[in-house]
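Predicted model, so just to flag it, every value in this text is computed and none were measured. By convention in this document, chain letters (A, B, ...) are assigned in the order of the sequence lines, proteins followed by strands, and residues within each chain are numbered from 1.
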Amino acid sequence: MNFLSVIWDKILLFFLGIGDSFYLNFIKDNRWEYIVKGLGVTLEVTFFAVIVGILLGFIVAIIRSTHDKTGKLKFLNFICNLYLTVIRGTPVVVQLLIIYFVIFGSVRIDKVVVAVIAFGINSGAYVAEIVRSGIMSIDKGQFEAGRSLGFNYIQTMVYVILPQALKNVLPALGNEFIVLLKETSVAGYIALQDLTKAGDIIRSETYSPLMPLLAVAVIYLSVVMLLSFLIKKLERRLRNSEH
Amino acid sequence: MNTNENKSTEALIQVRGLKKHFKELNALNGIDIDIHQGDVVFVVGPSGSGKSTFLRCLNLLEEPTEGTILFEGTDITDSKTNINIHRQKMGMVFQQFNLFPHMTILKNLTIGPMKLQKKSFEEAKAEAMRLLERVGLADRANAYPNQLSGGQKQRIAIVRALCMKPDVMLFDEPTSALDPEMVGEVLSVMRDLAEEKMTMVVVTHEMAFAKEVASRVIFMDGGVILEEAAPEEFFENPKTERLQSFLAKVL
């Protein structure tokens, strides 16, 4: 009985204090600026990391599937395998810390750049395997048809295989980018003020965790939902182009 | 000997000692053949006889283990030869059509000439439409492959190869994946090609068609050519026992 009434009091207090709490966490001292700037940093890091991830992922995927199909590029394939094993076998936070404190330990460098490099390299490993599975899923007759017309290996990849492979893996790729957006939330480990860190800073200033952390969660959720919507739309458009 | 050599220099494709060994299978065990301009060579034989492997070796989709293939005087098995140039002159038609599903029919037909022969879109399109007209599919130019029947797909696949203006057409069981009522439309396109003196190498199970269209028929078994003759001779008067029993089963 006592327990229930305590909870009830808390809920009541929360709703009574909601205006005050909002003022304290977001309005006072312009604390909302933390959130806006943090969101900017999160989006910036995600956007450029996606680009790095796509570039790396495609290169690795093409090397690996070329090796799978033809047995060539043994050395490059070995390097790629090493990269995939290490990146997928260690936590992204550890990778981030190593890149910041070890690799760039003695250089003054923008933390955003460090985060882009770390998350890009990390994402590239996952993109690579997604794209490779897409390439391998295309019937080998498609490859032979391209080659028999006179296209070389690269041309066949670019004109025939990749467009089809990409269409097949678009949902998985979209998902990877959503995961990446959320993963950047650990950027606070190198004191980069991203969205999560912004909420945490407010929390530590106001000693009221609920509002700022809830706000951060809602913003992540909104961005993810927007991204999912856009990816679905793109998927539908690509599918329509086939019939 | 001398006449033989003279003949071989003018051969469009000259195959000597062609062998292809897969890991646990010797698919080809020494093939020698000359294919001349205007020849319509049909290759028949039981499954596993190596006939498809032989055809695929001709444009190096399969890399021969041994032997040489001279195409228009160039040894294409030489690793210094740029095979991509020569493949443009060898059209290939597959059992499974292998049209590019993400492109319209017109794009399927024009991408090769535009990217490889640097033709303008208008030029490539005009040629594609002329050929589509001939196979009766001009109205499907903007359709996607998945919207077509098997017979239509295969006719498009033939046109795609023809758009490159090849000197020889290779057919790998072009009607084997088709419903029976669609075989005729594909064969009629091939018949037209043969009548225009296109050089053709056809792997098929359509014996009646071979008899009608071929200039030479080749019987393969166990990775070698067992018998070769003009169609009448081949079907009416088979010499080897192996061919006799094969024909008895398939005719």
Novice: Could you tell me which of B:Arg87, B:Gln95, B:His86 has the largest number of non-hydrogen atom pairs under 4.5 Å with chain A?
Specialist: B:Arg87
Novice: Minimum heavy-atom separation for B:Arg160 to A:Ala145, with atom names?
Specialist: NH2-CB, 3.5 Å
Novice: Could you tell me whether the side chain of B:Met103 reaches within less than 4.5 Å of the side chain of A:Pro163, counting heavy atoms only?
Specialist: no
Novice: More than 12 heavy atoms of other residues, nucleotides or ligands under 6.0 Å from CZ of B:Phe22: yes or no?
Specialist: yes
Novice: Do other residues, nucleotides or ligands put more than 12 heavy atoms under 6.0 Å from A:Tyr220 OH?
Specialist: yes
Novice: Take atom OH of A:Tyr153 as the centre, draw a 6.0 Å sphere, and report whether it contains more than 12 heavy atoms from other residues, nucleotides or ligands.
Specialist: yes
Novice: I need the residue from B:Ile85, B:Asn59, B:Leu116, B:Leu170 with the largest number of non-hydrogen atom pairs under 4.5 Å to chain A.
Specialist: B:Leu116
Novice: Can you see which heavy atom on A:Arg147 is nearest to which on B:Leu61, and at what distance?
Specialist: CB-CD2, 4.4 Å
Novice: Roughly how far, to the nearest 0.5 Å, is OG1 of A:Thr156 from CZ of B:Phe100?
Specialist: 7.5 Å
Novice: Under 6.0 Å from the CD atom of A:Glu33, do we count more than 12 heavy atoms belonging to anything else shown?
Specialist: yes
Novice: How long is the gap from NE2 on B:His102 to CG on A:Asn168, to the nearest 0.5 Å?
Specialist: 11.0 Å
Novice: Give a yes or no on this: more than 12 heavy atoms of other residues, nucleotides or ligands lie within 6.0 Å of atom NZ of B:Lys20.
Specialist: yes
Novice: For B:Gly112 versus A:Phe151, what's the shortest heavy-atom pair and its separation?
Specialist: CA-CZ, 4.0 Å
Novice: Enter the distance from B:Gln117:CD to A:Leu149:CG here, rounded to the nearest 0.5 Å.
Specialist: 9.5 Å
Novice: Is it the case that atom CZ in B:Phe121 sees more than 12 heavy atoms from other parts of the structure closer than 6.0 Å?
Specialist: yes
Novice: Checking B:Asn98 against A:Asp139 for the side-chain contact (heavy atoms from CB on, under 4.5 Å) test, could you report, in this order, the C-alpha distance in whole Å, the side-chain angles of both residues, the deciding distance, and whether it holds?
Specialist: CA-CA 9 Å; B:Asn98 295 341; A:Asp139 184 69; 4.0 Å; yes
Novice: Do B:Phe94 and A:Ser148 have side-chain heavy atoms sitting under 4.5 Å apart?
Specialist: yes
Novice: Contact part of B:Met90 toward chain A, heavy-atom cut-off under 4.5 Å: side chain, backbone, both or neither?
Specialist: backbone
Novice: A:Glu144 vs B:Arg56, test: side-chain contact (heavy atoms from CB on, under 4.5 Å). Steps then yes/no.
Specialist: CA-CA 10 Å; A:Glu144 292 181 347; B:Arg56 291 161 55 83; 2.6 Å; yes
Novice: Do other residues, nucleotides or ligands put more than 12 heavy atoms under 6.0 Å from the NZ atom of A:Lys140?
Specialist: no
